[in-house]
2 protein chains.
Amino acid sequence: MKLSTRGRYGLRAMYDLALRYGEGPVPLNSIADRQMVSLHYLEQLMAKLRRAGLVASSRGAQGGYELAKQPEEITVGDIVRVMEGSFDPVQCLSRDSDYEDCEQLEDCVVRFVWKRLRDCTNRVLDSINLQDLCDGTVTSEKKPCEACAPDSQKTTDECQLS
Amino acid sequence: MKLSTRGRYGLRAMYDLALRYGEGPVPLNSIADRQMVSLHYLEQLMAKLRRAGLVASSRGAQGGYELAKQPEEITVGDIVRVMEGSFDPVQCLSRDSDYEDCEQLEDCVVRFVWKRLRDCTNRVLDSINLQDLCDGTVTSEKKPCEACAPDSQKTTDECQLS
DNA sequence: GGCAATCCCGATTAATTTACTCAGGATTCC
DNA sequence: GGAATCCTGAGTAAATTAATCGGGATTGCC
């Protein structure tokens, strides 16, 4: 369970665009330079983000890419799911119903584990948006609110467990 | 971010062993039959689990594999980390220090995202052990305790957020 | 002792994915 | 007109995945 460069470069590029939101189109070669990524490779990645409606492009001189929505409207989960595909650890979670019967009986017991894992990763990634990254308010640890962890010094505003 | 067959088959094999814990060695071909996995492939997977000290093997007729510890002492995280490798989404999280300086400045901002993701997946997977799977008490949703979610009907015993 | 049931080990392989590179075309601004 | 862009599809080398294959070592049981 590693992230590929698609997810990593993709998020970095989107963060780069978020930092420059409102300044007009950002040419891809400047992002490639700053993020130390091959321009041609980045073009492929941006194509995915564009098709997903997360960025808008303008062609020609003075063209480039910009976020298609405000930074706070784009979550890390939106980006990573586009770049890496869905987080479903196993196929039977991808289907419509949560209660499809599996071929292996045992698999269905184990399946709850994968469902928990999927729900957790989605919750974490969807709880962070690009504006959070720009603000630098994202820290490495979850900050439980007083209700969740009475001994903690953190305020309820910061609670990220709910 | 999908799990490979190693992680999925590995967990299923371990669950199979847990169900038969205390009954002596379980031959691999019986596991392969039940779990619909190639015997030879399963042999490779079990070798990893054996080297990690999670299962013990006995050779010869009436030989087989059994859990090297009690089912409640082996977490899903133990198994998945052996089979899939560490969950670190990016390399700079794998190092000793949490504060190694990255080559890209932006990467370090984005890095907190990956750290959160890693911590979350570890927390989820380490919160489930093989006995839980055998008991069938693992459901798909986290059950917050009253302190965490006062409106919930769940008891404090079931809280899995802490 | 022999044999069947096991685990054990290393080599090989086909398919897929990853992470690019390459070549060139289309569009737009100045 | 030309430079700066985006856009597209093809190709590719390396790595990974998910096995398969062949044979060797060990042990329990008759």
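Chain naming here is simple, since letters A, B, ... match the order of the sequence lines and numbering starts at 1 in each.
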Shorter than 3.5 Å, N or O on both sides, protein versus nucleotides 23-26 of chain D: list them out with atom names.
from: D:dA25; atom 1: N3; to: B:R59; atom 2: NH2; distance (Å): 3.3
from: D:dT26; atom 1: O2; to: B:G60; atom 2: N; distance (Å): 3.4

*Cut-off 3.5 Å, side chains only: do B:D33 and B:S30 have a donor facing an acceptor?*
no
*Please determine which of B:L133, B:V138, B:D132 meets the side-chain contact (heavy atoms from CB on, under 4.5 Å) test together with A:V109.*
B:L133
*Presence of A:N29 side-chain N/O under 4.0 Å of D:dT5 phosphate oxygens OP1/OP2*: yes
*5′-ward residue of the pair A:Y41/A:S58 relative to DNA chain C*: A:Y41
_Under 4.0 Å between a side-chain nitrogen and a carboxylate oxygen: does that hold for B:R20 and B:D16?_
yes
*Take the protein atom OH of A:Y65 and the nucleotide atom C1' of D:dT5, then report the distance between them rounded to whole Å.*
9 Å
_Suppose we call a contact any N or O donor and acceptor under 3.5 Å apart; does that hold for the side chain of B:Q44 and the base of D:dT17?_
no
*How close or far is atom P of D:dC7 from atom CG of A:L45, stated in whole angstroms?*
13 Å
*Taking atom C1' of D:dT17 as reference, at what distance in whole Å does atom CG of B:L3 sit?*
14 Å
*Using atom CE of A:M83 as one end and atom P of C:dT17 as the other, report the distance to the nearest whole Å.*
16 Å
*By nearest nucleotide on DNA chain D, pick out whichever of B:T5 and A:G63 is the more 5' one.*
A:G63
*Interatomic distance where CG belongs to B:L42 and P belongs to C:dC7 [whole Å]*: 9 Å
_Side-chain N,O (B:S57) to OP1/OP2 (C:dC7) below 4.0 Å_ = no
*Distance in angstrom units between A:R6 CZ and D:dT16 C1', rounded*: 13 Å
*Whole-Å gap separating P (C:dA19) and CE (A:M36)*: 17 Å
*Could you tell me which non-hydrogen atom of B:A52 sits nearest to which non-hydrogen atom of B:V82, and how far apart they are?*
CB-CG2, 3.5 Å
*According to a strict under-4.0 Å criterion, is A:S38 in side-chain N/O contact with OP1 or OP2 of C:dC20?*
no
*Could you state the atom-to-atom distance from CZ of A:R8 to P of C:dT18 in whole Å?*
12 Å
_Applying salt bridge (charged side-chain N to carboxylate O under 4.0 Å, His left out), can you list everything that pairs with B:D126, at least two apart in sequence or on another chain?_
B:R81
*Positive for side-chain contact (heavy atoms from CB on, under 4.5 Å) with A:V76, one of A:I79, A:D78, A:V80, A:I74*: A:V80
*Could you check whether A:R50 gets within reach of a base, just the sugar-phosphate, or nothing at all, counting any heavy atom under 4.0 Å?*
sugar-phosphate
*Below 4.0 Å: OP1/OP2 of C:dA19 and any side-chain N or O of A:S4*: yes
_Gap between atom CD1 of A:I31 and atom CE of A:M14 - 0.5 Å precision_ = 9.5 Å
